[in-house]
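For reference, the structure is listed below as structure tokens.
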Amino acid sequence: MNYTDRRKRALWRAGHRGTRELDLLMTQFVQDFLPEDTSDEAQTRMEQVEQLQQVNDPDVQLWLQRPESIPAELPEPLLSALRSFEYRL
């Protein structure tokens, strides 16, 4: 599957996790985190988002709401992006 299709799938999955609150948070995070280009960095970020989407909802929601709870072993740039994420209304 090409990057554009993977990005569309990741955005769709971000908005359909289960709870409306997490859907809103994850959709915005994934939109901000995944570039539209197909560079090597974009591919790395896509792999990280796909791994993040395998994590249980309560854990991800906690990480987005309380950055200090994010495990330090998460790879960069995902770790920095989660820690600096701020939801915009």
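These numbers come from a predicted model, not from an experiment.
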Could you go through residues 74-82 and list every donor-acceptor pair under 3.5 Å that involves a side-chain atom there, pairing it with any protein atom two or more places apart or in another chain?
from	atom 1	to	atom 2	distance (Å)
E76	OE1	S80	N	3.4
E76	OE1	S80	OG	2.6
E76	OE2	S80	OG	3.2

How long is the span from the CD atom in E21 to the CD atom in Q61, to the nearest 0.5 Å? 6.0 Å
Tell me, do F85 and I70 make a side-chain contact under 4.5 Å, heavy atoms counted? no
Rounded to the nearest 0.5 Å, what's the gap from CE on M26 to CD on Q31? Could you check? 11.0 Å
Determine, using the 4.5 Å side-chain heavy-atom cutoff (strictly less than), whether Y87 and V30 are members of one ILVMFWY cluster. yes
Given R45, which of E47, E41, Q43, Q48 fulfils the side-chain hydrogen bond (donor to acceptor under 3.5 Å, both in side chains) condition? E41
May I have the list of side-chain donor-acceptor pairs in residues 11-19 shorter than 3.5 Å, sequence neighbours left out?
from	atom 1	to	atom 2	distance (Å)
H16	ND1	W12	O	2.7
R17	NE	D57	OD1	3.0
R17	NH2	V55	O	2.8
R17	NH2	D57	OD1	2.7
T19	OG1	L22	N	3.4

Is there a path of hydrophobic side-chain contacts, each under 4.5 Å between heavy atoms of I, L, V, M, F, W or Y residues, that connects L25 with L62? no
Answer yes or no: is there a side-chain heavy-atom contact under 4.5 Å between T4 and R9? no
With a 4.5 Å limit on heavy-atom distance, are the side chains of L52 and W63 in contact? yes
Between Q53 and A10 (side chain of the first, backbone of the second, donor and acceptor by atom type, cut-off under 3.5 Å), is there such a pair? yes
Check step by step if salt bridge (charged side-chain N to carboxylate O under 4.0 Å, His left out) holds for R83 and E68. CA-CA 7 Å; R83 285 188 174 154; E68 66 276 2; over 6 Å; no
Within the 4.5 Å heavy-atom criterion, are V49 and R7 side-chain neighbours or not? no
Would you say the side-chain atoms of N2 pair up with the backbone N or O of D5, donor to acceptor, closer than 3.5 Å? yes
Separation between CZ (F29) and CD (E86), nearest 0.5 Å, reads 13.0 Å
